[in-house]
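Residues take their numbers from the sequence shown, with the count starting at 1.
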Amino acid sequence: MSTQICVSILPKNITDAIDLIGKAEAAGAGFVEIRMDRLEETCNLADLPKCTKLPLIATNKLQSEGGFFAGSEAERQHTLLYAALAGFAFVDVDFSSSLRMQTIAKLKQLNQKIVVSYHKFDGILDVSSLERILDEEISIGADICKIVLTANQIEDNLPILNFVSFASAKAKLVCFCMGELGKLSRLLSPVFGAFFTFAALEPGNHTASGQMSIKDMKSAYKLLGIGQ
């Protein structure tokens with residue numbers, strides 16, 4: 001059983017990113033998500049894939065998504081294309097972006113692997129809605145389909161894990177609940193078939209609500225007798 005973990009980092013500059021990537025690698029991460037929305041400069045972005053053997057995922061979150069990017073949508077998509085040219089393994093394209101199809105078409109021309117990500121910040125969805133979103137992500141060219149909801153009660157994790165248990169047969173799926181009450185699905189989604197889950201590098205350095213540290217996640221897997 002694979003329980004792969006993607007460590008999400010929010011570096012201020014390239015030097016900071018290289019340091020954080022090294023720490024994530026040492027902690028046993030399978031992937032590293034580079035949140036580009038706080039990067040002060042990107043002129044040496046190609047240095048990041050060169051510093052590690054881990055697959056890097058480029059993500060650029062808007063302020064409305066809990067991120068820091070305040071530019072236009074065209075500027076946000078441009079940073080993602082630049083990450084593709086810099087050699088990142090994956091680029092994350094927002095499902096709700098008005099420019100998603102143009103960006104995906106350009107990324108496909110570059111033979112870039114793509115994560116298409118859907119977020120719902122105020123609750124969960126029924127199974128038919130989840131299936132519709134997954135099918136659309138697959139149809140528009142996602143190599144990894146990401147669907148992230150928000151748990152308002154502990155029971156919200158259960159239908160999401162059930163969805164992962166059968167939907168992960170259709171695609172490489174990353175799906176769980178955010179929020180403090182969503183930790184159960186964050187932790188267990190890989191056990192139910194998710195391609196990977198997300199963790200913070202260290203306690204207090206989370207990039208999304210409810211993120212556990214990679215150390216705590218690995219300790220929980222060990223306690224539960226779940227193999228890495």
Side-chain angles (χ1 to χ4, degrees), residues 1-61 66-68 79-80 82-93 107 110-115 117 143-146 148 172-176 178 183 186-191 193-228:
M1 180 185 299
S2 174
T3 49
Q4 293 199 90
I5 299 172
C6 177
V7 167
S8 180
I9 62 173
L10 193 59
K12 295 179 180 179
N13 52 52
I14 299 301
T15 301
D16 186 27
I18 290 172
D19 177 60
L20 293 173
I21 291 168
K23 290 179 179 178
E25 193 165 11
F31 301 81
V32 180
E33 178 188 54
I34 311 297
R35 285 276 302 275
M36 299 178 65
D37 39 296
R38 278 188 67 189
L39 277 179
E40 298 165 352
E41 45 84 19
T42 57
C43 58
N44 295 314
L45 199 62
D47 290 348
L48 302 187
K50 294 176 183 176
C51 80
T52 182
K53 293 181 179 179
L54 292 180
L56 301 185
I57 303 170
T59 304
N60 194 353
K61 288 191 179 295
F68 296 89
T79 65
L80 297 176
Y82 187 49
L85 292 169
F88 278 61
F90 295 93
V91 169
D92 187 306
V93 177
L107 291 171
L110 297 170
N111 294 316
Q112 175 67 52
K113 297 288 187 181
I114 299 168
V115 180
S117 60
D143 296 286
I144 298 176
C145 299
K146 181 179 174 185
V148 178
K172 291 180 178 177
L173 175 63
V174 175
C175 183
F176 55 82
M178 295 183 286
K183 288 182 176 179
R186 274 192 183 274
L187 179 68
L188 294 181
S189 59
V191 180
F195 189 45
F196 59 74
T197 189
F198 281 86
L201 181 58
E202 296 169 341
N205 285 345
H206 58 274
T207 62
S209 175
Q211 248 178 29
M212 302 167 64
S213 72
I214 184 171
K215 181 179 179 181
D216 286 346
M217 267 194 165
K218 285 183 170 287
S219 295
Y221 289 141
K222 184 175 181 180
L223 184 65
L224 293 170
I226 298 169
Q228 293 288 301

Please check this pair: side chain of [X] against backbone of [Y], looking for a donor-acceptor N/O pair closer than 3.5 Å.
X: T197; Y: R186; result: yes
X: E33; Y: L56; result: no
X: D16; Y: K12; result: yes
X: Y82; Y: T42; result: yes

Can you find a heavy atom in the side chain of [X] that is under 4.5 Å from one in the side chain of [Y]?
X: V7; Y: F31; answer: no
X: F88; Y: L48; answer: yes
X: T59; Y: I34; answer: no
X: T207; Y: F198; answer: no
X: I57; Y: F196; answer: yes

Spatial distance of atom [atom1] ([X]) from atom [atom2] ([Y]) [nearest 0.5 Å]:
X: L20; Y: R35; atom1: CG; atom2: CZ; value: 13.0 Å
X: L107; Y: L85; atom1: CG; atom2: CG; value: 9.0 Å
X: Q211; Y: K183; atom1: CD; atom2: NZ; value: 10.5 Å
X: D37; Y: L10; atom1: CG; atom2: CG; value: 5.5 Å
X: L224; Y: T3; atom1: CG; atom2: OG1; value: 10.5 Å
X: L201; Y: K23; atom1: CG; atom2: NZ; value: 7.0 Å

#### Entry: side chain to side chain contact (heavy atoms under 4.5 Å, CB included) assessment of V91 paired with I114
CA-CA 5 Å; V91 169; I114 299 168; 5.5 Å; no
Nearest atoms (heavy-atom pairs only) where [X] meets [Y]:
X: A24; Y: V32; answer: CB-CG2, 3.8 Å
X: L187; Y: Y221; answer: O-OH, 2.6 Å
X: S189; Y: C175; answer: CB-O, 3.3 Å
X: K172; Y: D143; answer: CB-O, 3.6 Å
X: A58; Y: A83; answer: CB-CB, 3.4 Å
X: K218; Y: A27; answer: CE-O, 3.3 Å

### Task
Evaluate side chain to side chain contact (heavy atoms under 4.5 Å, CB included) for L173 paired with F195, printing each intermediate quantity in order.
CA-CA 5 Å; L173 175 63; F195 189 45; 6.0 Å; no
